[in-house]
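Report on the following structure.
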Amino acid sequence: MANDAIGIFDSGLGGLTTVKELNRILPMEDIIYFGDTGRVPYGTRSKDAIIKYAKQDIAFLKSFKVKMIIAACGTVSSVANFIGDSLPLPFIGIVKPCAIAAVKATKNGKIGVIGTAATIKSHAYLKEMNILKENLDIFEIACPLFVPLIESGIISPGDPVLLEVARRYLLELKEKNIDTLILGCTHYPIIMEAISSIMGENVNIINSGRETAIYAYEFLKNRGMLKKSDDHGKYLFYVSDTADGFESEASKFLNLNLEYKCKKIDIEQY
Ligand code: DGL
C-alpha cells in the first residue's frame, strides 16, 4: 500500500500548488491528479453541486490504486469534507493544515481568510481556527474573480488587471491590521506575489498548497505509508475538458523536469 499513488483533485489548476510542494518534499511519490476543468469554478456553485462534483472526483481517483486522496480544493474542503469520513482510505482537505499554520504564525491574533464565495459562506476556516485557539479576530473575504483570472493565465505579479482586482478585495483586510492571511483556495498561491505586494511584507501568507503537502507528508510518515524508492515518482494528470491548455499551464507552473501525460476523461461516468 505504501507504494500506491497519492490521488489529488481540484476544480482546475489550483491543486497543482499542492503537487508542486509534494514534488519538492516527497519526490519519490507517484501522483494521480484530476482537474475538473470542464466544470471550474466550483466556488460559485450550490452546496449540492459541490458535493456531487466532489463525490465524482473521488470516485474517479478511487478507480486507481491510491493510498490517500487529497482534496486540494478549498471549496470542497470547506463544503464537502464530510465525504471523506465514509471512505476506506485517508482523505485530507486543505482547511485543517491552513488553520494549524495560521494559528501558529499569528502574533496579534488577527487573521484574514480569502477564498471562493462557497468557502467563505461556510466559515470552515473560522470554525477550525476557533477550535484551535480562543480570542482570535478572524476576517473573511470572498474573492470570486481570482479563480477565473488564474484559469485564464492572468497571473503575472505586475498585471494591472490582477492588481486592480486584488486591491479591491484586499485593502479592506489590510485596514484590519491582520498579521496573517490564509490563501484559502489552492489557486491563490499562484498569484501569491501580487497578493503579498498589496498586503506588505509584515503579513504572514499561509500558502494552502504548501501547508497541505506538509500535512500529507507528516500524515504518511507517521503511519509508515511513505513510498520507499530512490526514483522520482510518476505523475499522471487527468482533466474533464481539453487537455492541451492544461498541459502547457501545468508545465509552466510546475516547472517539472519530467515526462508526464495529461488525458481528458468523462467525469459524468463516475
Ligand atoms: N482551487 C479551488 C479552491 O481551492 C478553486 C475553486 C473554484 O473552482 O472556484 O477553492
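All heavy atoms count here, side chains included; hydrogens, waters and symmetry mates do not. We count ligands from 1, going down the list as the structure has it; atoms in each ligand are counted the same way. Keep in mind it's a predicted model, so treat the numbers as computed, not measured.
You'll find the ring centres of Y33 and Y235 outside the 6.0 Å limit. Aromatic ring centroids of F60 and F9 lie 6.0 Å or more apart.
At least one heavy atom of C73 lies less than 4.0 angstrom from ligand 1.
Of the protein's heavy atoms, G74 N, 2.5 Å lies nearest to atom 4 (O) of ligand 1. For atom 9 (O) of ligand 1, the closest heavy atom belonging to the protein is G43 N, 2.8 Å. Closest to atom 7 (C) of ligand 1, if we only count protein heavy atoms, is Y42 N, 3.1 Å. In terms of protein heavy-atom proximity, atom 1 (N) of ligand 1 is nearest to H187 ND1, 2.7 Å. The shortest contact between atom 10 (O) of ligand 1 and any protein heavy atom is with T75 OG1, 2.7 Å.
In summary, the atoms of ligand 1 found under 4.0 Å from a heavy atom of P41, numbered by their order in the structure, are 7 (C), 8 (O), 9 (O). In summary, the atoms of ligand 1 found under 4.0 Å from a heavy atom of T116, numbered by their order in the structure, are 6 (C), 9 (O), 10 (O). Residue V40 has at least one heavy-atom neighbour below 4.0 Å for each of these atoms of ligand 1: 8 (O). Interface of C185 with ligand 1, defined as ligand atoms under 4.0 Å from a residue heavy atom, comprises 1 (N), 2 (C), 3 (C), 4 (O), 5 (C), 10 (O). Set against the non-hydrogen atoms of D10, the atoms of ligand 1 under 4.0 Å away are 1 (N), 2 (C). Atoms of ligand 1 found under 4.0 Å from any heavy atom of S11 (numbered from 1 in listed order, with element): 2 (C), 5 (C), 6 (C), 7 (C), 8 (O).
Aromatic ring orientation, F237 versus F246: tilted (interplanar angle from 30° to 60°). Ring-plane geometry between F64 and Y238 is classed as tilted, the angle between the planes lying from 30 to 60 degrees on a 0 to 90 degree scale.
Linking ILVMFWY side-chain heavy atoms closer than 4.5 Å, directly or via other members, places F91 and I32 in a single hydrophobic cluster.
Of the N and O atoms on the side chains of T212 and T18, not one donor lies less than 3.5 Å from an acceptor on the other residue.
The CG atom of D36 lies 5.0 Å from the CG atom of D57; values are rounded to the nearest 0.5 Å.
By the 6.0 Å and 45° rule, R39 stacks over the aromatic ring of Y53.
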